[in-house]
Amino acid sequence: MKWSQTHLYTLKEAPSDADILSQQLFVRAGLIKKLAPGIFTFGPVGLRALRKFEGIIREELEKRGLIEVLMPMVHPKELWEETGRWTKMGEGLLKFKNRNGQWFCLGATHEEAITDYVRYELQSYRDLPKNFFQIQTKYRDELRPRFGLMRGREFIMKDAYSFDLDKPSALKSYQIMYDAYKAIFDRLKVEYRIVEADAGSIGGSLTHEFQLIADAGEDALMVSDVSDFAANREVCPAIDTNPVKLTSNQESGAPVIPFFEEFATPNLKSILDLETSYPDLKPLLVKTLFFKEDKPEAKIFAVVLRGQDEVNPIKLKNVFGFSQEPIWATDQEVVRVTGVEPGSCGPLGLNIDIYLDNGVTGLPSVVVGANKKGYHLKNVVLGRDFKATAIGDYRMAKSGDQDPKNPSGRLSAVRGIEVGHVFYLGTQYSEKMNARYLTKDQKSQTIEMGCYGIGVSRTIQAVIEQCHDKDGMIWPMAISPFLVHICVLDVKEKALLNLAESLEKSLLSFGVDTLIDDRDERPGVKFKDADLLGFPLRITLGKKGFDKGVAEFVTRKNQNKIEVPLAQMIEKAIEVLKEIEK
RNA sequence: CGGGGAGUAGCGCAGUCUGGUAGCGCACCUGCCUUGGGAGCAGGGGGUCGCAGGUUCAAAUCCUGUCUCCCCGACCA
C-alpha cells in the first residue's frame, strides 16, 4: 500500500477532547475520527487493525467449532419484551419508532435475537450443542462515552451464544470459550488477567472477565501476588490479614467493656473528621450507612462497617438478590429511621434490618453515632448493645487483603480494561423465550445457554494503551495494521521507488503487508510519522544507503538500527520480524 | 441528574473584561530553496465567530433565550 494512494493523515497535536494516550495516538494517526460522542469512523489504518483482530477471533472460534452468523442491529420491541429487558435495560437501549408507529431498539446485545433465531430449529437433542458467534456493531446509549473506543456508544463486538442439552454440557461450552479467549488474547502478546466478576445486567452465575492491564482502565482489579487469583474489585472477597486483636482481659472472658457512653462530637460529620479528632479511637470507628433497593416503596436497611472500609454495593446487590445495586437513602429517609441527619447515625435502637460487615466482628467494642445530633457512643459491644440481622462480607477488598485462594498471598489493586467476558447463563433466557428441545425419551427440556463477548474495537485501542512510548504506538505483530513501513527518502529517485515497490511485492508473497511512504516529504517528517504509526519494522531506503548498496532496518520497539545489503532485504526482514514476534 | 468549563478556519488556540476592517501556530495551495529526525523564505486559499432574538450608528465582544460539546461527581452518615 502506498501512502499517496490511501487516506492517511497525521496530526501534530491531539484534539483537546482526547483524554487518554491511546485515544490521542489513535486520533493523531488518523485511525479513528469522532463523528459524534462515542461514535467513530475508522480510517483505513484503524480498520486494518480491526480486521486483523477479527481474523484472529474468527480463526480461534472456527477452530473450536463455532458457527458464524450475522444478526440485525434493529430489533422489534416485542422481542425484548419476552425477556422483560425492554424496560429492564433502561436508558441503555436506544429506542425509536418507525413510520408505522412500531417500536424498535438498536441491538445492545443479542441474547434475544439469537434465541429467537434458533428456538424453532433446535428441536431435538440431536441438534445440540451448538455455538454461534457474530462480529457486529452494537449500540448502547452510554451515559457518558469517553476515552475514544474504550467506552463508545457504537462499537464493534464479537458476541457468541452457546446452546446445550444440560448444565454439564453448558459448562463444557463455557470452558471451550474460556480457552478460546485465552488463546485469542495470548496472541496479542499483551498483559492481561482473567478475573472473577459480576454478571451485571446480562445475568448468570458463573462469569469471568478478561482484563487488559492498564492504568487508564475503568475497572479496579484485585490480584494476588502468589496465586492466579484475580477478581474484579466489585466481587472480590474481603479478608483481613491483621484483624484487631482482642485484649488479654477479653480473652480471659472477663466483661471488661463498660456500658456504652455518650460523648459529644460537635461539628464532626464524617468518619474522616472523627479520625482526625480521635486518632486513638480510629481502629474502633464504625459507620452506619443506609440503603434501599432501587424501586418504589423499598425498605431502608443499614449497613455497619469499619470507618476505614468502603461499602460494596455490588455485594449487597448479590447478597440480597436485587436486580440492581441498592441506592443510598436520602437524608430525609435517614432522619425518618434514625431521628437524626447523617453524621451522627448509629445502629442502636433502630427497628430496621442491620447488616454487619464481618470486618467489624473482631472489634472488642466500637464507636458509633448516637442517633443524636453531635454525639457518638463508645464502648458499644456487638450483640450486647445492638444486634445485627446478618453478618457478612459487604465491603470492598483493598490492597493488602488476604488472597482467598492462598492464605499466604496478598492482594494488590491494579486497573484493567475489560476486553472479554464469558457468562454461563443457564436457562434464564431460554425459559422466558420458550427455547426447548425433545430428549431421547421424548421429554421437553429447556435449553442451557452461555454468552461470550469480546470488545473488538475496544481491544485494539486498549492494546495501544499498554503498548506505546513517547513517540507513538508500538503495535504487536498480531494486529499491526502493517508489518513493514518503508520510508522512501528521495521519491524523485525512480530507482528507489521501484526498489520499494518490488520489495513490497516480495514481502507480500510471505504474507508481510507493507506501507510505502512515498510522500515528497523531508526525512524527519517520515520518521516521526513512522514512529507515531508504530509498525514493527521500518525500512529506510535513502539515496546515501542506495549508493552504498544498503538499507536501514529499524525495529520500532527498541529503535535498534542495522544496515542490510539491498540484496538480502527480504530474508533479513522475515528474520527480524520473527525476532520481534518472540 | 448535580457541579464546573467551553463553542472563533481541518487541528490547537488568542481576541470578549474595555463594542469599531477576523487573528496566530500547525495543516493546505503556488513558487524558490532544502533533503537521514516534524527546515527556511515569499505569496495565497479557507470563517454566516454554535443558533435565535435584543441593545447600538456599529456586536465574536453587551443583554436574553436556546442548542451542543467537554470535564468532574453516585463513599457521605
Side-chain angles (χ1 to χ4, degrees), chain A residues 9-20 23-24 27-28 30 33-39 91 143-147 265 268-274 285-291 294 300 302-313 316 324-335 337-347 350 367-376 394-396 398 471-472 487-493 496 517 519-532 538 540-548 550-552 554 559 561 563:
Chain A
Y9 55 92
T10 57
L11 297 173
K12 285 183 187 172
E13 284 173 295
S16 57
D17 60 2
D19 303 308
I20 60 173
Q23 179 188 10
Q24 289 169 4
V27 174
R28 280 186 53 206
K33 184 167 182 182
K34 186 171 78 175
L35 179 67
I39 300 177
E91 301 288 310
L143 207 60
R144 190 144 84 87
R146 50 179 149 179
F147 304 151
T265 52
L268 302 185
K269 282 201 121 168
S270 72
I271 279 287
L272 281 174
D273 297 339
L274 278 166
L285 294 177
V286 158
K287 56 190 179 187
T288 309
L289 313 177
F290 299 90
F291 293 90
D294 190 5
I300 312 269
V303 177
V304 176
L305 67 167
R306 283 175 302 187
Q308 68 200 50
D309 289 329
E310 286 176 44
V311 71
N312 184 329
L316 296 178
Q324 294 188 24
E325 290 173 38
I327 55 174
W328 293 86
T330 63
D331 284 8
Q332 293 92 318
E333 286 168 331
V334 172
V335 171
V337 297
T338 67
V340 68
E341 280 176 23
S344 307
C345 303
L350 301 182
V367 175
V368 300
N371 291 332
K372 179 173 165 188
K373 193 174 166 82
Y375 287 90
H376 277 73
Y394 307 124
R395 69 186 186 278
M396 289 282 191
K398 54 186 187 298
D471 295 314
C487 287
V488 179
L489 294 192
D490 193 343
V491 287
K492 291 189 183 99
E493 204 68 45
L496 276 182
D517 186 349
R519 292 175 298 169
D520 187 12
E521 286 286 355
R522 298 167 62 84
V525 174
K526 299 193 173 198
F527 295 152
K528 288 285 183 192
D529 279 342
D531 287 341
L532 174 64
R538 188 183 92 207
T540 305
L541 295 177
K543 220 167 112 181
K544 280 182 197 165
F546 188 69
D547 291 341
K548 270 166 55 186
V550 294
E552 184 189 63
V554 182
Q559 297 289 339
K561 289 180 189 166
E563 282 198 344

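Below, chains carry the letters A, B, ... as their sequence lines are ordered, and counting in each starts from 1. Here the structure is a predicted model, which is why all the values come from computation and not from measurement.
- Around NZ of A:Lys543, the count of heavy atoms belonging to other residues, nucleotides or ligands within 6.0 Å does not exceed 12.
- Here B:C62 sits opposite B:G54 as a Watson-Crick or G-U wobble pair (both hydrogen-bonding atom distances under 3.5 Å).
- Nucleotides of RNA chain B nearest to A:Pro37 and A:Phe290 differ in position, and the one nearer the 5' end is that of A:Pro37.
- Taken from OH in A:Tyr9 to CZ in A:Arg28, the straight-line distance is 13.0 Å, to the nearest 0.5 Å.
- Taking the C1' atom of each, B:A14 and B:G73 are spaced 31 Å apart, rounded to whole Å.
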Once base and sugar-phosphate atoms are separated, protein heavy atoms under 4.0 Å mark nucleotides 1-6 of chain B, 5' to 3', with B, S and - as ------

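- B:C26 and B:U18 have their P atoms separated by 33 Å, with the value rounded to a whole Å.
- Taking the P atom of each, B:A58 and B:G45 are spaced 30 Å apart, rounded to whole Å.
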Are any protein N/O atoms closer than 3.5 Å to N/O atoms in nucleotides 7-11 of chain B? If there are, list each pair with its distance.
none

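- With hydrogens and angles ignored, the 3.5 Å screen pairs no side-chain donor or acceptor of A:Thr338 with any backbone N or O of A:Asn371.
- At distances below 3.5 Å, not a single donor-acceptor pair connects side-chain atoms of A:Lys287 with backbone N or O atoms of A:Val368.
- The distance from atom CD1 of A:Ile39 to atom P of B:C69 is 10 Å, rounded to the nearest whole Å.
- Expressed to the nearest 0.5 Å, how far CD of A:Glu310 lies from CG of A:Leu289 amounts to 11.0 Å.
- Of the nucleotides present, B:U68 is the one that pairs with B:A6 by Watson-Crick or G-U wobble criteria, both distances under 3.5 Å.
- Between A:Leu285 atom CG and A:His376 atom NE2 the span is 8.0 Å, to the nearest 0.5 Å.
- Straight-line distance from the CG atom of A:Leu289 to the C1' atom of B:A74: 14 Å, rounded to whole Å.
- When Watson-Crick and G-U wobble pairs are counted only if both distances are under 3.5 Å, B:U16 pairs with no nucleotide at all.
- Scanning all heavy atoms of the two residues, the minimum distance from A:Phe147 to A:Gln23 falls at CA-OE1, 3.3 Å.
- A straight line from CG of A:Asn312 to P of B:A74 spans 15 Å, rounded to a whole angstrom.
- Here the OG atom belonging to A:Ser344 is positioned 10.5 Å from the NZ atom belonging to A:Lys372, to the nearest 0.5 angstrom.
- Spacing of P atoms, B:C71 relative to B:U16, comes out at 27 Å, to the nearest Å.
- With rounding to the nearest 0.5 angstrom, the CE atom of A:Met396 is 11.0 Å from the CG atom of A:Leu305.
- For A:Glu325 and B:A74, the CD to P distance is 12 Å, given to the nearest whole Å.
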For the pair A:Arg146 and A:Asp19, evaluate salt bridge (charged side-chain N to carboxylate O under 4.0 Å, His left out) and give the outcome as yes or no after the intermediate values. CA-CA 8 Å; A:Arg146 50 179 149 179; A:Asp19 303 308; over 6 Å; no

Listed pairs, N/O of protein and of nucleotides 31-37 of chain B, under 3.5 Å:
| from | atom 1 | to | atom 2 | distance (Å) |
| --- | --- | --- | --- | --- |
| B:U34 | O2 | A:Arg522 | NH1 | 2.8 |
| B:U35 | O4 | A:Lys492 | NZ | 3.4 |
| B:G36 | N2 | A:Glu552 | OE1 | 2.3 |
| B:G36 | N2 | A:Glu552 | OE2 | 2.7 |
| B:G37 | O6 | A:Arg538 | NH1 | 3.2 |
| B:G37 | O6 | A:Arg538 | NH2 | 3.1 |
| B:G37 | N1 | A:Asp531 | OD2 | 3.1 |
| B:G37 | N2 | A:Asp531 | OD2 | 2.3 |

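- Each of A:Asp471, A:Leu489, A:Val554 was compared with A:Phe527 under the side-chain contact (heavy atoms from CB on, under 4.5 Å) criterion, and only A:Leu489 meets it.
- One cannot find a donor-acceptor pair under 3.5 Å joining the base of B:G38 and the side-chain atoms of A:Arg519.
- When the C1' atom is used for both B:C63 and B:G44, the distance is 40 Å, rounded to whole Å.
- Under the Watson-Crick or G-U wobble criterion, with both distances below 3.5 Å, B:C28 is paired with B:G44.
- Using a 4.0 Å heavy-atom cutoff across all strands shown, A:Asp19 reaches sugar-phosphate atoms only and no base atom.
- Each of A:Pro145 and A:Val334 was assigned the nucleotide of RNA chain B with the nearest heavy atom; the assignment lying further toward the 5' end belongs to A:Pro145.
- The NZ atom of A:Lys526 lies 4.0 Å from the CG atom of A:Asp517; values are rounded to the nearest 0.5 Å.
- Distance noted for atom C1' between B:C49 and B:U30: 29 Å (whole Å).
- Here the separation of B:G20 from B:G2, taken at their C1' atoms, is 42 Å to the nearest Å.
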